[in-house]
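Each ligand, and each atom within it, is numbered from 1 in the order the structure gives.
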Amino acid sequence: MTALNRAGWRPEMNAAGGADDNVTFTGNRALMLEEPLIFEIGSTDTTGVDFDEPAPAADLGSLMRSAPIGLPGLSESETVRHYTRLSRQNYAIDLGLFPLGSCTMKHNPRLNEKVARMPGFADVHPLQPQETVQGALAVINELAVWLIKLTGMYGVAMSPKAGAHGELCGILCIKAAIEARGEDRRVLLVPESAHGTNPATAAFAGFTVEDIPATPEGRVDLAALKARLGPDVAGVMITNPNTCGLFERDMKAISDAVHAAGGYVYCDGANFNAIVGRVRPGDLGIDAMHINLHKTFSTPHGGGGPGSGPVVLSEALSPYGPIPYSARYADGSFKLVEEESAGEEHPDTFGRMTAFHGQMGMFTRALTYILSHGADGLKQVAEDAVLNANYVLRSLEDVLDAPFAGSGPCMHEALFSDKGLAEGFSTLDIAKGLIDEGYHPMTVYFPLVVHGAMLVEPTETESKAVLDQFIGALRSIAMRAKNGDPALKSAPHFAPRARLDETLAARRPMLAWEG
Ligand SMILES: *Cc1c(COP(=O)(O)O)cnc(C)c1O
């Protein structure tokens, strides 16, 4: 099982002073520390904490564990080091360019973090009396107003906790609106290029998903869509800009046709970064759209903190939005409707998405980001993000096939395919080669409509120097894949672990040394 360990190092190998200069006694290479699995270094009779012997248990009968659980223990300092060492093997936006297409991995300004950590924000508790959290509610409401104005929509549900959760919220609004009309529409139309969460959301909400075909230039086929509309269609779920990095120019015509046929338009707003400040989705006839605060508004993703996916709604869907809910009132004011007043002010709500108001820390960060950029700064975000993506696209289209480059400029991301690579070489080889160059790979094999897709989203937060280095690295790997360099087939060579069988690693993880 040498593959488990960098350079095939084994504890017994070099004890007598190695003959091989490349092998150290510890397996470490200076500050690149080799870290075994906790099951390999820990032992079941070690613990970092001394507990009293447990008192004989009361009569718990069958609930008692019959054998020891077998979890390895380490001393306190060894535990801290184990996880710190592992954390140093992670890639992060604070280490370098993170070109994942569709994910908008942009720099998270430290100002956001500073504000979110102010005790008045960080220490509020959702069960505090309302009169003591008026400041926090004002932050939520002010962010809600910005989101409504930036999107040209009518109301917003702030509570969904991620993009996919926001999709569910929007689709449940559509479902409630259709039920309120006493109609039975069960089909949602979704383009083939959609993010997997779109069809998953539609199915989870009880709809049948049908594909909308794409035109050869990578956009929704309007004629085919119109032909499918009818009394069984609840609506469409469309991503704009789409996952091929293209703006859906026919969006208004699509919305008009869907509305004329009695349906609603859901827009996946994950790519809002490319149009924020430039295009208001409300003007395109959209009824519901989630906004990933962790993408467009620079709050951390995933491991860096929870996401947040507020959903903006049109006037038609607004009455069905979940509580708590923010909407525009006739007198021009905005108001956050809470559970207590929902009965009078928001009687048709479909219910709740979350226990409380959502991800408060993300709201604070996103509002900080918005206020520090201002309306003009947000517009520049979109312009620079598009400029950077086009710079990447045009700098690489001579070495990598760019299937839609002929359709004109791209939006926020550059899309390439595996066409033209040497026999036996694939997108995966290019992704693994990028790891050796010190980059997290781009999004691969998505969108599904492009063979061996590579989707690069540089975002506006990268400088030209950073982009030039990345382009140089990707160009060099693309040339190796075109020339059939056999070493690329086994990349990465310099990462803590070599190329894994990814399916096996996910399905049958080896958590203990089997050597
Ligand atoms: C990221 C993304 C989603 C899902 O958002 P999460 O916040 O990850 O749940 C949906 N659609 C597209 C196009 C995305 O890029």
Side-chain angles (χ1 to χ4, degrees), residues 93 98-106 108 147 157-172 188 190-205 209 212 214 218-220 236-248 251 265-276 281 286 288-312 353-354 358-359 361-363 365-366 382 385 389 410-415 440-450 453-459:
I93 191 69
F98 208 132
L100 274 184
S102 210
C103 293
T104 316
M105 305 294 289
K106 59 160 90 172
N108 309 139
L147 297 181
M158 297 296 292
S159 61
K161 297 197 174 185
H165 203 208
E167 289 172 31
L168 182 63
C169 174
I171 295 302
L172 290 178
L188 273 173
V190 183
E192 274 177 30
S193 61
H195 195 266
T197 50
N198 292 192
T201 297
F204 188 74
V209 180
I212 314 175
R219 295 186 169 89
V220 166
V236 294
M237 287 183 92
I238 290 183
T239 310
N240 198 16
N242 69 24
T243 59
C244 298
L246 302 173
F247 190 76
E248 294 286 358
M251 196 63 225
V265 180
Y266 187 89
C267 180
D268 180 330
N271 298 333
F272 193 48
N273 203 53
I275 57 172
V276 58
I286 281 144
M289 181 180 96
H290 73 261
I291 297 167
N292 307 63
L293 297 187
H294 46 292
K295 295 179 181 172
T296 310
F297 297 112
S298 82
T299 74
H301 288 238
S308 180
V311 179
V312 287
M353 292 298 291
T354 62
Q359 309 284 32
M362 298 303 118
F363 298 157
R365 286 176 176 84
C410 63
M411 294 299 289
H412 55 302
E413 54 199 1
L415 178 59
H440 191 288
M442 70 296 260
T443 292
V444 292
Y445 299 104
F446 174 79
L448 305 178
V449 288
V450 166
M454 288 170 256
L455 194 57
V456 179
E457 180 174 1
T459 85

Any idea which part of Ser102 is under 4.0 Å from ligand 1, heavy-atom wise: side chain, backbone, both or neither? both

Under 3.5 Å, side chain of Asn292 to main-chain N/O of Gly309, donor-acceptor pair present? no

For His301, state whether at least one heavy atom is located under 4.0 Å from any atom of ligand 1. no

The closest protein heavy-atom partner of atom 9 (O) of ligand 1 is Ala164 N, 2.8 Å

Select the closest option to atom 1 (C) of ligand 1 among Lys295, His195, Glu457, judged by heavy-atom distance. Lys295

How many angstroms lie between atom CG of Asn198 and atom CE of Met237, to the nearest 0.5 angstrom? 4.0 Å

Could you pull out the closest heavy-atom pair between Glu248 and Asn240, with the gap in Å? N-OD1, 2.7 Å

For the side chain of Gln359 and the backbone of Gly307, is there at least one donor-acceptor N/O pair under 3.5 Å apart? yes

Which residue owns the protein heavy atom closest to atom 6 (P) of ligand 1, what's the atom, and how far is it? Gly163 N, 3.4 Å

Return a yes/no value for Asp268: is any of its N or O atoms, backbone included, closer than 3.5 angstrom to an N or O of ligand 1? yes

Note the single closest protein heavy atom to atom 8 (O) of ligand 1, along with its residue, its atom name and the distance in Å. His294 NE2, 4.3 Å

Need the ligand 1 atom indices (1-based, order shown) with element for anything under 4.0 Å from a heavy-atom of Ala270. 2 (C), 11 (N), 12 (C), 13 (C), 14 (C), 15 (O)

Could you tell me which non-hydrogen atom of Gly170 sits nearest to which non-hydrogen atom of Ala288, and how far apart they are? CA-CB, 4.2 Å

Can you tell me if His165 has a non-hydrogen atom under 4.0 Å from ligand 1? no

Flag the pair His412 / Ser102 as yes when at least one side-chain heavy-atom distance between them is below 4.5 Å, and no otherwise. no

If you round to the nearest 0.5 Å, how far is CE of Met411 from CZ of Phe247? 6.0 Å

Tell me the protein heavy atom at minimum distance from atom 5 (O) of ligand 1, and give that distance in Å. Asn292 ND2, 3.0 Å

Per-atom contacts of ligand 1 with Thr197, taking only distances under 4.0 Å to non-hydrogen atoms: 10 (C), 11 (N)

Do Ser193 side-chain atoms and Pro447 backbone N/O form a donor-acceptor pair below 3.5 Å? no

